[in-house]
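Contents: one structure, followed by commentary.
These numbers were taken from a predicted model, which means no experiment stands behind them. One is the number of the first residue; the rest follow in order along the sequence.
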Amino acid sequence: MPRMKVERLRALGTAILNALGSPPERSAWVVETLLRANLAGHDSHGFMRLLQYAEFAREGYIDMSAEVLPRRELGSTALLDAGRTWGQVAAKVAMERAIEIAARQGISMVALVNCPHIGRLGEYVIMAAERDMIGAAYVNSQTGGNGNVTPWGGIEGRFTPTPLAFAAPSGMEWPVLVDITASVMPEGKIRDHFFRGAQLPENVIIDGDGNPSRDPKDFYGPPAGGLLPLGGPVGHKGYALGVMIEILAGGLSGAGYVSEAAATHGNGVLFQVMNIAAFEDIADFKRRTRELIAHTKSAKPREGVDEVLFPGEPEYRSAKQRSRDGIELPERLWREFNELAAELGVEA
């Protein structure tokens, strides 16, 4: 697989979005979020998504220059209308607004409606942690019908891989970060396996007949398969968690649920920010968090495990390594980028 320096991918991605008519500063931010996902080790939400975004832009699904506007604000809450601009642009505006309200009120919740795909959820909760606050995020997706995540006990998709994320300052070089989905893995990781021609782990997907499969082609079909809820043998827990994320993100934002067939593709987004200073001395909070990290990492590792890592630490280590060594892209994916660049008159 070709290994690319971050600077080269940044220049290529920005040039592609600019060629599609995106304002340059917005192009730069969208590409930056994708590359940060790659650096953190989350290729499912990385540079490969640019192909999908380019298709959205060409179809007119994204209004690349639209402004994010307030719809409603009450106390420590706000609802913003993304206007179908780049999801990453709208999500940044929403999290900045949530941080601003929490700085004044102690706690905030800000929702987004009419919002396309916002990318890696951890990107935004880290913004709160960098301001000595705790960030939480919940996202659902509207698909205009059925999703691809099966309810517990079913073999047909009814939900989407609803993600949630949490970040807090740690007093370390990296924040505490939890960024997961209520499905066994996000759809993007299946897509990444597909591009790489790799088999999936066991108990991730079923094929269109409900049989266990490791082949990502069986997920996409035809006939389409299903992605299993988080938890494996106890997947009812991931199923229930997904239902609540659906209600929080889709219900409170007004974006709608996955079951609403008239809905357009996009994300319902809900951000929550807690100002640590409203509850506890920040220095004491960080000291306790560092002690918690040390306590956790002191556990004896299981056989085959080098050391116990704390949430947020793997992303930090991956970013250091990939910033130095570059980002690998599957051959098939790189060919598609070259074809798109040539079509748009952009040098790859």
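For the pair Arg288 and Asp284, the salt-bridge criterion is not met [side-chain N within less than 4.0 Å of a carboxylate O]. In this structure, Glu123 does not pair ionically with Lys92, as no charged nitrogen and carboxylate oxygen lie closer than 4.0 Å. Ion pairing between Glu156 and Arg158 holds under the 4.0 Å rule for side-chain N and carboxylate O. We find that Glu313 and Lys320 are not joined by a salt bridge, their nearest charged nitrogen and carboxylate oxygen being 4.0 Å or further apart. Classification of Glu55 and Arg58 as a salt-bridged pair fails, no side-chain N sitting under 4.0 Å from a carboxylate O. Between Asp43 and Lys189 there is no salt bridge, since no side-chain N of the basic residue sits under 4.0 Å from a carboxylate O of the acidic one. Salt-bridge formation is detected for the pair Arg26/Glu67: a Lys NZ or Arg NE/NH1/NH2 atom is positioned less than 4.0 Å from an Asp or Glu carboxylate oxygen. Electrostatic pairing of Arg287 and Glu291 counts as a salt bridge here, judged by a charged N lying under 4.0 Å from a carboxylate O.
The two atoms that bring Arg84 and Gly266 nearest to each other are NH2-CA, 4.2 Å, heavy atoms only. In plain terms, the two heavy atoms of Asn148 and Thr160 that are nearest each other are OD1-CA, 4.3 Å. Among all heavy-atom pairs drawn from Val269 and Cys115, the shortest one is CG2-SG, 4.5 Å. Shortest non-hydrogen contact noted between Pro330 and Pro2 is C-CD, 4.4 Å. Shown here for Ile276 and Pro169, the closest heavy-atom pair between the two residues is CD1-CG, 3.5 Å. For the pair Ala82 and Ala90, the tightest heavy-atom approach, listed with the atom from each and the gap, is CB-CB, 3.5 Å.
Counting heavy-atom neighbours within 6.0 Å of Glu59 CD, excluding the residue itself, gives a total above 12. Within 6.0 Å of CZ on Arg196 lie more than 12 heavy atoms contributed by other residues, nucleotides or ligands. Environment of NZ in Lys5: crowded, with over 12 heavy atoms of neighbouring residues, nucleotides or ligands closer than 6.0 Å.
Side-chain contact between Arg214 and Pro201: absent, with no pair of heavy atoms (C-beta onward) separated by less than 4.5 Å. In this structure, Leu39 and Ser323 have side chains that are in contact, with non-hydrogen atoms separated by less than 4.5 Å. Put simply, the side chain of Glu100 does not reach to within 4.5 Å of the side chain of Glu96, judged on heavy atoms. Between Phe310 and Met172, every side-chain heavy-atom pair lies at or beyond the 4.5 Å cut-off. In this structure, Leu34 and Leu9 have side chains that are not in contact, with every pair of non-hydrogen atoms separated by 4.5 Å or more.
Gln321 and Tyr316 share no donor-acceptor pair across their side chains, judged by distance under 3.5 Å alone. Between the side chains of Tyr53 and Gln88, a donor-acceptor pair is found at a separation under 3.5 Å. With no hydrogens or angles considered, a side-chain donor-acceptor pair links Ser183 and Thr181 at under 3.5 Å. Side-chain contact, Ser213 with Asp207: no donor N or O sits under 3.5 Å from an acceptor N or O.
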Just do the side chain to side chain contact (heavy atoms under 4.5 Å, CB included) check on Tyr257 and Ile247 with the steps written out, would you? CA-CA 7 Å; Tyr257 298 138; Ile247 289 171; 4.0 Å; yes
Please walk me through it: do Arg71 and Val113 pass side chain to side chain contact (heavy atoms under 4.5 Å, CB included)? CA-CA 9 Å; Arg71 266 203 185 182; Val113 69; 3.8 Å; yes
Gln199/Asp215 under side chain to side chain contact (heavy atoms under 4.5 Å, CB included): CA gap, chis, key distance, verdict: CA-CA 5 Å; Gln199 293 287 289; Asp215 188 344; 4.2 Å; yes
For Asn211 and Ile206, run side chain to side chain contact (heavy atoms under 4.5 Å, CB included): C-alpha distance rounded to whole Å, both residues' side-chain angles, the deciding distance at 0.1 Å, then the answer. CA-CA 5 Å; Asn211 301 310; Ile206 54 176; over 6 Å; no
Side chain to side chain donor-acceptor pair (under 3.5 Å) between Gln52 and His117, intermediate numbers included: CA-CA 10 Å; Gln52 182 184 27; His117 190 263; 5.2 Å; no
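Under the 4.5 Å side-chain contact rule for hydrophobic residues, Met109 and Leu164 share a cluster. Val149 and Leu200 fall within a single hydrophobic cluster, where Ile, Leu, Val, Met, Phe, Trp and Tyr side chains are chained together by heavy-atom contacts under 4.5 Å. Transitive grouping of hydrophobic side chains (ILVMFWY, heavy atoms separated by less than 4.5 Å) keeps Phe159 and Tyr138 in distinct clusters. Under a hydrophobic-cluster definition in which Ile, Leu, Val, Met, Phe, Trp and Tyr are linked whenever side-chain heavy atoms come within less than 4.5 Å, directly or via other members, Leu340 and Tyr61 are assigned to the same cluster. Residue Met48 is grouped with residue Ile62 when hydrophobic side chains (ILVMFWY) are merged at heavy-atom distances under 4.5 angstrom, including chains of intermediate members.
When the side-chain contact (heavy atoms from CB on, under 4.5 Å) test is applied to Ala167, the partners found at least two apart in sequence or on another chain are Val125, Ile126, Ala129, Leu177.
In this structure, the separation between CG on Asn140 and CD on Glu246 is 4.0 Å, given to the nearest 0.5 Å. Summarising the geometry, atom CD1 belonging to Ile327 is positioned 10.0 Å from atom CZ belonging to Arg3; distances are rounded to the nearest 0.5 Å. Atom CZ of Arg317 is separated from atom CZ of Arg322 by 15.0 Å, given to the nearest 0.5 angstrom. Taking CZ of Phe285 as the reference point, atom OG of Ser170 lies at 9.0 Å (rounded to 0.5 Å). The NE2 atom of His42 sits 12.0 Å away from atom CG of Asp192, with the distance rounded to the nearest 0.5 Å. The distance from atom OG of Ser253 to atom CZ of Phe271, rounded to the nearest 0.5 Å, is 11.5 Å.
Side chain of Ser44 to main chain of Gly188: no donor-acceptor pair is present (N/O by atom type, distance under 3.5 Å, no hydrogens or angles). Distance alone, capped at 3.5 Å, places no donor-acceptor pair between the Ser22 side chain and the Asn18 backbone. Between the side chain of Thr14 and the main chain of Ala11, no donor-acceptor pair closer than 3.5 Å is present.
Residue pairs meeting the ring pair (Phe, Tyr, Trp, His ring centres under 6.0 Å) criterion with at least one partner in residues 321-347, sequence neighbours excluded, are Phe47-Phe337.
Tested against Glu307 for a salt bridge (Lys or Arg N to Asp or Glu O under 4.0 Å), the candidates Lys297, Lys300, Arg302 yield a single pass: Lys297. Considering Asn267, Asp63, Asp81, Thr85 in turn, Asp81 is the only one that fulfils the side chain to side chain donor-acceptor pair (under 3.5 Å) rule with Asn114.
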